[in-house]
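A note on names: the letters A, B, ... follow the listed sequences, proteins ahead of strands, and every chain is numbered from 1.
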There are 2 protein chains.
Amino acid sequence: MSRINLIIADDHELFRNGLTELLKKHDDINVIKSVADGKAFIEELKRTKDLDIVLLDITMPNMDGFEVLKEIQTLNAAVKPIIISMHDDGNYIAKCAKSGAYGYLLKNTDEDELVKVVRIVNGGKKYFSPTIAEKMINFMSDQKVSENILSQKEKEVLGLISEGFTTKDIATKLFVSTRTIETHRANILRKLEVKNTAELIKKATQINLI
Amino acid sequence: MSRINLIIADDHELFRNGLTELLKKHDDINVIKSVADGKAFIEELKRTKDLDIVLLDITMPNMDGFEVLKEIQTLNAAVKPIIISMHDDGNYIAKCAKSGAYGYLLKNTDEDELVKVVRIVNGGKKYFSPTIAEKMINFMSDQKVSENILSQKEKEVLGLISEGFTTKDIATKLFVSTRTIETHRANILRKLEVKNTAELIKKATQINLI
DNA sequence: GTAAATATCCGTATTTATACGGATATATAT
DNA sequence: ATATATATCCGTATAAATACGGATATTTAC
C-alpha cells in the first residue's frame, strides 16, 4: 500500500510542526514537507510528484489559502486541498467550497477526525462535516440577502456616501441629476430598513456592504 | 534539576496536541496536562501543586485568556502565564501585559523561541520580544488618541447618532437644547476630521468608537 | 414573453445637518 | 493658580437629506 503524501501549509510554525509530529504517528501518512505561505506551497507543488493532499490554512502571508485554491485549479493540479482554519464563518467555508476544497476542518478538530478526513479525501471524496456544512448553508442564505438586496448602482452610491460625498458630489461624479441620486438614497434606506444616513452607514458596515 | 511543569490551555485540539508533542522532545519541560478552555485550566490550577507555567491562548470558550489572567491574579497563584496567540494586535498584547502575562508569543513563533521563553519565564523573568513590545507601544499611543479624543458627552452623542437619532431626538433625550447637540456634532466632526455624518460613522466604526 | 426590478428622470415641501461666530461656568491638568 | 478642555447656551444662514408622488426605458427573471 502506498502512503498518502501530504504537505502542510500554515504560517504558524508551532502549529505546523506540532501537526507534523501528530501525523508522523500514522504510518499511512507521509508528511513530505511543511511550508509557511501559499507561494512556497505552489513552488513545492510544481516540484513535487505524487502529492496527494495539502492541509491548507486560510490566512497566510504572500498568498492566502483562497488564492492557493484558485491557483491549484488553474494549474489543474491533482493535489486535493483540505482547509484547516480556525474560522467557522460560513463566509470562509462557502468560499473554500466554491474554490475546490475537498474538506474544511477547524483547528479544534481532534486528531481522529483529521486523520479520518485525510483518508476520505485521499480516496477522492469530499468531506465537510455536518456542522461545517450547516454554517455554510446559513451563510449562503444570509449572503443572498445582504449581497443581492442592493443593485449595482445602489451599491456604488452607498460606497460614495460612506466616503463622505454628498448627493450633489455623487451626481456630478456619475453624470446624472441629483434627483436620481436622491431616489437611490431613498431606495437604499428603504431596502436596508433604516431611516437616515447615520443608521445606514452603521448597518452597511455591520453587514459588510462597505 | 527539577523539570519545568507546564500546562497548555488552547481550544484548538490539533494545536494543543501538536504543541505537546513538540515540547516532549525537551527533557527539562514536563507537560503535565492540556486543557481546552479557561475554566478547565482554573480547575487544574487549583488541583495541581508545583505548576510553573501555563501556555495560554486568548480566544477560548467558557473563559478566555484575559479572564484567566485576571483569575490567576485574584487567586494569587504562583503560575507564570505565557500567552500564545495568533493576533499581533497591540490591543491584545497591551491587555495581557497589564493583566500579568509573563510573555506573549505568536503562533508563528519557532520552537527555539518558544522553549527559550519558557525557560526565561521559568526563571522568574518576563519576556516580550522586541517586535511584540513595539506593537504594544504603537497601540498604546494610538489608543490614547481614539479613546481620549472625544469627551464622555461627545461619545454619548456619537452613539445616539449612530443609532439613527436626529439632533432633535438626542436633545430631547439628554434634556438639552438642540443647539447644544449641534455644537457637539460640530466638535465631533472636527475632532475626527470628517465632514459629514456618513463619513463620521464610517470612521467611528473603523476606530472602534461605536 | 410577460412580470418584476432597475436606472433614470422630474417637482415640491419639510426636516436635518452643517457653517459661521460668540459666550459662560465648571472641571481638569500642569 | 492659571491655562485648557468641557458642557452648556444663543442666533442666523445655507446646504443637504428625507418624504411625498409620479414616469419611462431597459434589463433581468421566471
B:Arg190 CZ to C:dC20 C1', in whole Å, measures 14 Å
Open item on the list: Does this structure show an ion pair linking B:Arg47 with B:Glu44, if we count only N-O contacts that are shorter than 4.0 Å?
Closed with: yes
Hits for side-chain hydrogen bond (donor to acceptor under 3.5 Å, both in side chains) against A:Thr59, two or more places apart or cross-chain, chain-then-number order -> none
In whole angstroms, the gap separating P of D:dA5 from NZ of B:Lys191 amounts to 9 Å
Quick note, A:Thr166 side chain, CB onward, closest among C:dA7, D:dA16, D:dA7 is D:dA16
When rounded to whole Å, the CG to C1' distance for the pair A:Leu174 and C:dC9 reads 15 Å
Separation of C:dT15 atom P from B:Ile170 atom CD1, nearest Å, is 18 Å
Separation of D:dA17 atom P from B:Glu199 atom CD, nearest Å, is 12 Å
message = Please report whether the ring centroid of B:Tyr104 lies less than 6.0 Å from that of B:Tyr92.
response = no
Of A:Val117, A:Val115, A:Asn122, the one forming a side chain to side chain contact (heavy atoms under 4.5 Å, CB included) with A:Arg119 is A:Val115
Between CZ of B:Phe165 and P of D:dA17 the distance, given in whole Å, is 21 Å
(request) May I ask you to check if B:Lys173 and B:Phe165 form a cation-pi contact, with NZ or CZ under 6.0 angstrom from the six-membered ring centre and within 45° of the axis? (result) yes
| Taking OP1 and OP2 of C:dA7, is either one under 4.0 Å from a side-chain nitrogen or oxygen of A:Thr180? | no
Item to complete: Considering just the side-chain nitrogens and oxygens of A:Lys195, establish if one lies under 4.0 Å of OP1 or OP2 belonging to C:dT15.
Response: no
B:Ile201 CD1 to C:dA17 C1', in whole Å, measures 13 Å
Q. For A:Ser177, which contact category applies under a 4.0 Å heavy-atom criterion: base, sugar-phosphate, or nothing?
A. sugar-phosphate
Looking only at C:dA7, C:dC9, C:dT18, the nucleotide nearest the B:Arg185 side chain is C:dT18
Next on the checklist: Side-chain N or O of A:Lys168 versus OP1/OP2 of D:dA16: is the shortest distance under 4.0 Å?
Outcome noted: yes
For a quick check of understanding: with a heavy-atom distance under 4.0 Å over all strands, which category does B:Asn196 fall into, base, sugar-phosphate or nothing?
sugar-phosphate
Closest to the side chain of B:Thr197, out of C:dA19, C:dA17, D:dA19, is C:dA17
Residue pair B:Glu182/B:Gln152 against DNA chain D: nearer the 5' end by closest nucleotide is B:Gln152
Quick note, B:Ser151 side chain, CB onward, closest among C:dT8, D:dT6, D:dT18 is D:dT6
Taking the basic N atoms (NZ, or NE/NH1/NH2) and the acidic carboxylate oxygens, is any pair closer than 4.0 Å for A:Lys191 and A:Glu154?
yes
Taken to the nearest whole Å, CG/A:Asn187 to P/D:dA19 is 12 Å
Phosphate OP1/OP2 of D:dA17: any A:Thr167 side-chain N/O under 4.0 Å: yes
Note to self: Would you say A:Lys155 places a side-chain N or O within less than 4.0 Å of OP1 or OP2 belonging to C:dT6?
What the structure shows: no
- Looking at every strand, decide which applies to A:Thr183 at a 4.0 Å heavy-atom threshold: base, sugar-phosphate, or nothing. base
